[in-house]
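Since the model is a prediction, treat every value here as computed from it, not as a measurement.
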Amino acid sequence: MTETITPPVPLAERPSLRVPLRTPSFRNLWAAQSFSLLGDGFSTVAFAWITLTLTHSSLALGVVLACQAVPRALLTLLGGALSDRVSARHLMMFSSLLRCALMAGVAAAGFTHLLNLWMLFAAAALFGAVDAFFQPARSSVLPSVVEPEQLEPANALLSVGSRVASVLGPAVGGIVVAATDPSTAFAVDSCCFALVALFAGRATRRITAPAAGTGADTAKESLGDRIRAGLVYVFSDPRIRAMVAIDTAVTFCYAGPFTVGFASLAKFRFHGGATSLGLLDGALAAGAIVGALLGGATRRHLRVGLLISALTGWLGAGMLALGMLGNLAEAVGVVLLMGLGIGFQGVFGVSWIQRNIRGEILGRVISVDMVAGYIAAPASLVLCGALAKSHPGAMFAATAAVLIVTGAATLCSKPVVTMA
């Protein structure tokens, strides 16, 4: 198989956070990704509330959420292969227009009182399927929009926009639902995805950027062949294989503890209910935003392999502390620091992938990493849910052990440690 890792390119001192914002295409990409996550937050609240309104059943809500999650997981590899074959920007546009039309249809059915549970199942499944094509495209399009030396500050700005939108989406969606009804939230959601398509269409490609999917060999490959080639590539390169494994381990170790674990701490240890849970979630988001900004503002070129190892140790120490602390203020401080580490390292990790893997296979590499996370997250939620109420200390301790072992294994891997 043709080698697709490019040799490290000596880069000048990294530009400031303001530099990517001077590029109109990047500003449009930032707006597209932010509105997409804002729309995702709206749809989550709207789907949940309208399902409970129609059925008064938490089981039905679980099925609706599963209908959305399963197609997304199953089709993401196909989405990654397609984003490498056609323009990732065009894929973002078309998938956003489909989500716009889908949400508009659900809103219309709701306003006319024709919406039923089976329609919700179908709409959730279609939404997840279309989203599977958007996500790899949005993560692989950046190298074609900004210069290589701008990837870290650009990713930092995208991360901040995404995290703010992820918090605002459910919050504003909840206000809209409370003030009106779920059908209105679906209508607003449709408008969000229309804006995504508009801004994505304006995020034009740099002239010097290689177009994805060019060459005679590409035209002869089926999507199945391209998916297999992407999987072979990921598992044959020790650096990419290690990064996917580490990302999966980290996702497994924070998906459950940062959702089920936080809820359990808030209710049973801190006795603060929703207020305590909100403080913990807010601290995590705030820390990640600050960490991303610090990473984007860093002008030096740091070793990504060492940062990955440091993050796992950092999170492991935080998990140990959360398992022992009995004070809410202390727990909020620890979570804030954990979020800071996640945000800081995340800027460099994704930038390394985008800089070192050529566009013809970048979407597939990212899609493999996403699918691994889609599998790890629900497994973590189930296991942590089984432990959280009766043995919360054991849950955090086990999570910390996995993270610390992962960090130690990273230090023992020369290909990973030497990644710059």
Practice task
Report the residues that fulfil salt bridge (charged side-chain N to carboxylate O under 4.0 Å, His left out) with Asp40, sequence neighbours left out, ordered by chain and then residue number.
Solution key: Arg99

Handout entry: Any Leu411 side-chain heavy atom under 4.5 Å of Leu306 side chain
Key = yes

Handout entry: Interatomic spacing from CD1 in Ile357 to CG in Leu362 - rounded to 0.5 Å
Key = 6.0 Å

Problem - Under the side chain to side chain contact (heavy atoms under 4.5 Å, CB included) test, residues paired with Ser95 that sit two or more places apart - result: Val130, Phe134

Kindly list each side-chain donor-acceptor pair under 3.5 angstrom involving residues 192-203, sequence neighbours excluded, with atom names and distances?
none

Fill in the blank from the handout: Between Ser140 and Ala88 the two heavy atoms that sit nearest each other are OG-CB, 4.1 Å

Completion exercise
Ser139 meets the side-chain hydrogen bond (donor to acceptor under 3.5 Å, both in side chains) criterion, sequence neighbours left out, with none

Problem - Donor-acceptor contact present, side-chain Asp84 to main-chain Gly363, <3.5 Å - result: yes

Problem - Min side-chain heavy-atom separation Phe47-Phe186 under 4.5 Å - result: yes

Practice task
Please round to the nearest 0.5 Å and tell me the distance separating atom CG of Leu340 and atom CG of Leu294.
Solution key: 5.5 Å

Handout entry: Minimum side-chain heavy-atom gap Thr406-Val250 below 4.5 Å
Key = no

Problem - Under 3.5 Å: donor-acceptor pair, side chain of Arg364, backbone of Arg226 - result: yes

Handout entry: Interatomic spacing from CZ in Arg163 to CG in Leu158 - rounded to 0.5 Å
Key = 12.0 Å

Exercise for the section: Find out whether Ile404 and Thr312 are in side-chain contact, i.e. whether some heavy atom of one side chain is under 4.5 Å from a heavy atom of the other. Expected result: no

Handout entry: Student check: side-chain heavy atoms of Val188 and Met103 closer than 4.5 Å
Key = no

Handout entry: For Gln354 against Pro143, the heavy-atom pair lying closest together
Key = CB-CG, 3.5 Å

Handout entry: side-chain contact (heavy atoms from CB on, under 4.5 Å) assessment of Trp314 paired with Leu337
Key = CA-CA 9 Å; Trp314 185 269; Leu337 292 175; 3.9 Å; yes

Fill in the blank from the handout: By side-chain hydrogen bond (donor to acceptor under 3.5 Å, both in side chains), Ser351 pairs with (sequence neighbours left out) Asn155

Exercise for the section: Would you please classify the geometry between the Phe344 ring and the Phe348 ring as parallel, tilted or perpendicular, with 30° and 60° separating the classes? Expected result: tilted

Handout entry: side-chain hydrogen bond (donor to acceptor under 3.5 Å, both in side chains) partners for Gln33, two or more places apart
Key = Arg138

Fill in the blank from the handout: Taken in chain and number order and not counting sequence neighbours, the residues that satisfy salt bridge (charged side-chain N to carboxylate O under 4.0 Å, His left out) with Arg72 are Asp131

Problem - Set of side-chain hydrogen bond (donor to acceptor under 3.5 Å, both in side chains) partners for Ser367, sequence neighbours left out - result: none

Practice task
Give a yes or no answer on whether the side chain of Trp49 reaches the backbone of Val177 with a donor-acceptor pair at less than 3.5 Å.
Solution key: no

Return a table of donor-acceptor pairs under 3.5 angstrom between the side chains of residues 167-175 and protein atoms on other chains or two or more places apart.
none

Problem - Within residues 368-378 or reaching into it, pairs that qualify as side-chain hydrogen bond (donor to acceptor under 3.5 Å, both in side chains) - sequence neighbours excluded - result: none

Exercise for the section: Output yes when a side-chain donor or acceptor of Thr410 lies under 3.5 Å from a complementary backbone atom of Ser309, and no otherwise. Expected result: no

Practice task
Give a yes or no on whether the backbone of Thr204 and the side-chain of Ser25 come within a donor-acceptor separation of less than 3.5 Å.
Solution key: yes

Practice task
Answer whether the closest heavy-atom distance between the side chains of Met92 and Phe133 falls below 4.5 Å.
Solution key: no

Practice task
Without swapping roles, check the side chain of Asp237 against the backbone of Tyr233 for a donor-acceptor pair under 3.5 Å.
Solution key: no

Problem - Check: Thr76 side chain, Val371 main-chain N or O, donor-acceptor pair, under 3.5 Å - result: no

Exercise for the section: Evaluate the side-chain proximity of Phe235 to Ile240: yes if any heavy-atom separation is below 4.5 Å, no if none is. Expected result: no

Handout entry: Polar side-chain atom of Asp181 near backbone of Thr184 as donor-acceptor pair, under 3.5 Å
Key = yes

Exercise for the section: Apply side chain to side chain contact (heavy atoms under 4.5 Å, CB included) to Ala266 and list each qualifying residue two or more places apart in sequence or on a separate chain. Expected result: Ser276, Leu277

Problem - Exercise: identify the closest heavy-atom pair between Pro257 and Thr399 - result: CG-OG1, 3.7 Å

Fill in the blank from the handout: Minimal heavy-atom distance between Pro20 and Ser16, with the atoms involved, is CD-O, 3.6 Å

Problem - Pairs satisfying ring pair (Phe, Tyr, Trp, His ring centres under 6.0 Å), at least one member in residues 62-97, at least two apart - result: none

Exercise for the section: Identify the two heavy atoms, one from Thr23 and one from Gln150, that lie closest to each other, and give their separation to 0.1 Å. Expected result: OG1-OE1, 4.4 Å

Handout entry: Residue pair Pro238 / Arg241, side-chain heavy-atom distance below 4.5 Å
Key = yes

Practice task
Taking all heavy atoms of Gly295 and all of Val347, pick out the closest pair and write down the distance.
Solution key: C-CG1, 4.2 Å

